[in-house]
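Some notes on the structure that comes next.
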Amino acid sequence: MMRDKWCGEINESHVGLNASIAGWVNSRRDHGGLIFIDLRDRSGIVQVVFNPEIDAKAHELAHKIRNEYVLLIKGEVRKRPSGTENPSIPTGGVEVITKELKILNECKPLPFMIEDETDAGEFLRLKHRYLDMRRPLIQRNIILRHKTTKAVRNYLNLNEFLEIETPVLTKSTPEGARDYLVPSRLNPGHFYALPQSPQLFKQILMISGLERYYQIVKCFRDEDLRADRQPEFTQIDLEMSFVVEEDVMRLIEEMMKCIFKDVLEQELITPFIRLSYKEAIDRFGTDKPDLRFSLELEDVRDIVKNSSFQVFLDVLSKGGIVKGINAKGCAGYSRKEIDDLTQEVKTFGAKGLAWIKIKNGFESPITKFFPAETLKKLADKLEAEDGDLLLFVADTEKVVNDSLARLRNEFGKRLNLIKDSEYKFAWITDFPLLEWNDEEKRYEAMHHPFTSPREEDIEKLLSLDFSNLELFTAHCSLFTALKARAYDIVLNGHEIGGGSIRINRRYIQNKMFEVLGISHREAEEKFGFLLEALDYGAPPHGGIALGLDRLVMILTGENSIRDVIAFPKTQKAVCPLSNAPSIVDEKQIKELNIKIDAKIDE
RNA sequence: GGGGUGGUAGUUCAGUUGGUUAGAACGCCGGCCUGUCACGCCGGAGGUCGCGGGUUCGAGCCCCGUCCACCCCGCCA
């Protein structure tokens, strides 16, 4: 080994000893006589001193040292002279007096400075990710991610799970996200798909009798990006046989306990809160509520129907809803501030935002449509006090809930209702089995097509006739009443995972495909191997997949999963470091029997 | 596909009503400096104002288009 100590581990106990350390020059302070250098490696920073009276040669050489030069230093650990200690770093009581300096490599002037509080643009940071990742903050994130996967593996290994790999070159499936496709050279005109998740394979593993499977695995979805969505992302994927919902949820609760203990040294309280999908939507407007604060939505239909406010009445007559939220203490909001909030809800399709300020009475352009008694009831319902701002949205259920859920989160932040370092888990259960897709005019699986309906809904499902569209629509309410054996896990307002108990009987799976409008032939083509496997003694099974990137993002307190991924992509799914994707040689394309039909800017 | 914000020195930004030579800080280069740790002091270099077009006597600034980045909607079982 070139070195025998890490920079960050040097302390008072090493005083008087010789040490070899290596690392990068974090900063230099050249006094002409004495030269100080902060040397950094993964473990931390230690001050190195060059004194011409101790080693004139090293001192001379040290003049040319610049930031991020790579050095090997041999020297003596010394207590710093009294009064020159630096309490702001862990090694601040000591320093290394250089007796031998070796410059292992030089470094050009940097495109941006390497410091935790960098203000460099993100694109630049990603382009030079190797420099960005030298920042202790990013290193901390990467290390924390490692600790998380280590805790996961420890826990699952102890619980008889087997880590099993599944194919990356796999089959395109019709449901779900857009696939990334890989052309097959050996099979002209045929394509693999990169897996959106190992869903089918993990079910096959259960049918194979392997009982408990897990994998920390890359998944791929060719959809547009967000702060918490990358085209390739990592799941903690697991599946178990002979279990019901409760078993999977308990297992994950225990796993989270281990993660929090190992990674954050925190005790989690279990079981986590359980909310039905309906309750989550009713109270918070979303199936991923942030439970660190209350600020709940209130349904005010019954109250506002006693008004002459046509906007509300129209919505109600069309079967829409009206809900409100109380922005505590915001009665002082200006016209512009309310306009900005209105703009915010318009992105969800809301046509407007009704407001009432509580200021020694009711102040609002709409009060004239409301009898005094009705206003009083509204205020009571929203527990309004003097100084509050009441906000209402009237529209379809979806628009109202989406809009107010956003406002709720916004006010959670603005009103400082959210404590950092607080973690609120919840399980969301009792999801509808099906969801109407208005674009395709058909029902879709809310979770995925392999999710089992509730036991008591199976008979209902089987008895229904889906062959004709009219009956289909006539039975609308029946379909939406069907519940899935699915569960999502939510942490601080982020969906960090979801799973279900799967269908393990062929006839039920067949029926599901029928409901989803997937023809017998298509089902055979796309999922035939699973369907067939179901015929050969498929055990009851279920599982879950957790988004590792999102989980680690929350554990590190970051706002984007890009900060917890070593090599993330930009919003256009470009890797600024490698410049992928790129055009390829004509020859490569030809070998794949593919023709490009696109204008390409080189 | 849509909405929003941004793009000026290596970096982060400022740049007035369209008007002379486009500034600051940090970084970089040279010099001085033996207790600094945001070292200090003196001096210096550094610009295709994202790109293309237009309006104008004159554009970093106004208009049109385009590219890129970030946030959001759609989309993401």
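All chains are named by letter (A, B, ...) in the order of the sequence lines, taking the proteins before the strands, and each is independently numbered beginning at 1. Fair warning: this is a prediction, and the values are worked out from it, not measured in the lab.
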query: What about A:Asn67: does its side chain form a donor-acceptor pair under 3.5 Å with the base of B:G27?
result: no

message: Looking at B:U56, which nucleotide sits across from it as a Watson-Crick or G-U wobble partner, both distances under 3.5 angstrom, or is there none?
response: none

- line: Residues of residues 52-61 of chain A with a heavy atom under 4.0 Å from any atom of RNA chain B, listed by number, are A:Pro52, A:Glu53

- request: Indicate whether OP1 or OP2 belonging to B:C29 is found under 4.0 Å from a side-chain N or O atom of A:Arg66.
  value: yes

field: Short side-chain N/O contact to B:G74 OP1/OP2 from A:Arg229, under 4.0 Å
entry: no

- request: Report which part of the nucleic acid A:Glu122 touches: base, sugar-phosphate, or nothing (heavy-atom distance under 4.0 Å, all strands).
  value: sugar-phosphate

- prompt: OP1 or OP2 of B:C73 less than 4.0 angstrom from a side-chain nitrogen or oxygen of A:Arg226, does that happen here?
  reply: yes

message: Holding to side-chain contact (heavy atoms from CB on, under 4.5 Å), I want the full list of residues that pass it with A:Glu232, two or more places apart in sequence or in another chain.
response: A:Lys218, A:Phe220, A:Lys569

statement: A:Thr570 has its side chain closest, among B:C70, B:G35, B:C76, to B:C70

Whole-angstrom distance between B:U20 and B:G27, as gauged at atom C1': 30 Å

task: Not counting sequence neighbours, which residues clear salt bridge (charged side-chain N to carboxylate O under 4.0 Å, His left out) with A:Asp228? List them please.
output: A:Arg550

task: Can you run down the side chain to side chain donor-acceptor pair (under 3.5 Å) pairs that involve residues 105-116 of chain A, sequence neighbours left out, and say none if there aren't any?
output: A:Lys64-A:Glu106

message: Checking A:Phe233 now: which residues fulfil side-chain contact (heavy atoms from CB on, under 4.5 Å) with it, not counting sequence neighbours?
response: A:Cys219, A:Arg221, A:Gln235, A:Asp549

message: By the 4.0 Å heavy-atom rule, please label A:Glu95 as base, sugar-phosphate, or nothing.
response: base

message: Work out how far the P atom of B:C61 is from that of B:G19, and round it to whole angstrom.
response: 11 Å

field: A:Thr347 vs B:G3: side-chain N/O to OP1/OP2 distance below 4.0 Å
entry: no

- prompt: Which is true for A:Asn86 with a 4.0 Å heavy-atom rule: it touches a base, it touches only sugar-phosphate, or it touches nothing?
  reply: base

- request: Using a cut-off of strictly less than 4.0 Å, decide whether A:Gln47 has a side-chain nitrogen or oxygen near OP1 or OP2 of B:U36.
  value: no

query: Can you pull the salt bridge (Lys or Arg N to Asp or Glu O under 4.0 Å) pairs that have at least one residue in residues 23-35 of chain A, sequence neighbours excluded?
result: A:Arg29-A:Asp38

- prompt: Between A:Lys572 and B:C68, is there a side-chain N or O to OP1/OP2 distance below 4.0 Å?
  reply: yes

- request: Could you check whether A:Gly498 gets within reach of a base, just the sugar-phosphate, or nothing at all, counting any heavy atom under 4.0 Å?
  value: nothing

query: At under 4.0 Å, does any side-chain N or O of A:Arg406 touch on OP1 or OP2 of B:C73?
result: yes

message: Distance check, P atoms only: B:C42 and B:A25, in whole angstrom units.
response: 12 Å

- request: Sequence neighbours left out, what passes side-chain contact (heavy atoms from CB on, under 4.5 Å) with A:Asn51? Give chain and number order.
  value: A:Leu34, A:Glu53, A:Ile54

query: Across the strands shown, which category fits A:Pro449 at heavy-atom distances under 4.0 angstrom: base, sugar-phosphate, nothing?
result: base

query: Considering residues at least two apart in sequence or located in another chain, which fulfil the side-chain contact (heavy atoms from CB on, under 4.5 Å) criterion with A:Ala62?
result: A:Ile35, A:Phe50, A:Ile65, A:Leu101

B:A24: pairing nucleotide in any strand, Watson-Crick or G-U under 3.5 angstrom: B:U12

- prompt: Taking the six-membered ring for Trp, are the ring centroids of A:Phe513 and A:His520 within less than 6.0 Å of each other?
  reply: no

- prompt: Checking all strands, does A:Arg562 fall into the base, sugar-phosphate, or nothing category for heavy-atom contacts under 4.0 angstrom?
  reply: sugar-phosphate

- prompt: So what does A:Glu495 touch, heavy atoms closer than 4.0 Å: a base, only the sugar-phosphate, or nothing?
  reply: nothing

task: Under 4.0 Å between any heavy atoms, over every strand shown, what does A:Glu444 touch: base, sugar-phosphate, or nothing? Just pick one.
output: nothing

message: For a quick check of understanding: with a heavy-atom distance under 4.0 Å over all strands, which category does A:Arg78 fall into, base, sugar-phosphate or nothing?
response: base

- prompt: Mind checking the P distance from B:G10 to B:A59? Whole angstroms is fine.
  reply: 23 Å

Only distances under 3.5 Å count here; give the side-chain donor-acceptor pairs of residues 486-499 of chain A to other protein atoms, sequence neighbours excluded, each with its distance to 0.1 Å.
unit_1: A:Tyr487; atom_1: OH; unit_2: A:Ser500; atom_2: N; d: 3.4
unit_1: A:Tyr487; atom_1: OH; unit_2: A:Ser500; atom_2: O; d: 3.2
unit_1: A:Tyr487; atom_1: OH; unit_2: A:Gly543; atom_2: O; d: 2.9
unit_1: A:Asn492; atom_1: OD1; unit_2: A:Lys424; atom_2: N; d: 2.8
unit_1: A:Asn492; atom_1: ND2; unit_2: A:Glu422; atom_2: O; d: 2.9

task: In whole angstrom, give me the gap between the C1' atoms of B:U66 and B:G6.
output: 16 Å

message: Using a heavy-atom cut-off of 4.0 Å across all strands, would you classify A:Phe36 as base, sugar-phosphate, or nothing?
response: base

message: So A:Phe450, base contact, sugar-phosphate only, or nothing? Heavy-atom distance under 4.0 Å.
response: nothing

Between protein and nucleic acid, restricted to nucleotides 6-10 of chain B and to nitrogen or oxygen atoms under 3.5 Å apart, what atom pairs and distances do you find?
unit_1: B:G10; atom_1: O2'; unit_2: A:Pro111; atom_2: O; d: 3.1

- prompt: Does A:His31 lie flat on the base of B:U36, that is, centres under 5.5 Å apart and planes under 30° off?
  reply: no

field: B:C41: pairing nucleotide in any strand, Watson-Crick or G-U under 3.5 angstrom
entry: B:G31

Using the 3.5 Å cut-off, write out each protein N or O paired with an N or O of nucleotides 40-47 of chain B and the distance between them.
none

field: Watson-Crick or G-U counterpart of B:G6, or none if no pair lies under 3.5 Å
entry: B:C68

task: Please check if any side-chain donor atom of A:Glu175 sits under 3.5 Å from a side-chain acceptor atom of A:His448, or the reverse.
output: no

field: salt bridge (charged side-chain N to carboxylate O under 4.0 Å, His left out) partners for A:Asp55, two or more places apart
entry: none

message: Any base atoms under 4.0 Å from A:Thr451, or only sugar-phosphate, or nothing? Heavy atoms, all strands.
response: nothing

query: Does atom CZ of A:Arg42 have more than 12 heavy-atom neighbours, drawn from other residues, nucleotides or ligands, at distances under 6.0 Å?
result: no

message: Quiz question: going by heavy-atom distance under 3.5 Å, is there a donor-acceptor pair between the base of B:U36 and the side chain of A:Arg80?
response: yes

- prompt: Are a donor atom and an acceptor atom from the side chains of A:Gln196 and A:Asp179 found within less than 3.5 Å of each other?
  reply: yes

query: Is the shortest distance from a Lys or Arg side-chain nitrogen in A:Lys202 or A:Asp237 to a carboxylate oxygen in the other one below 4.0 Å?
result: yes

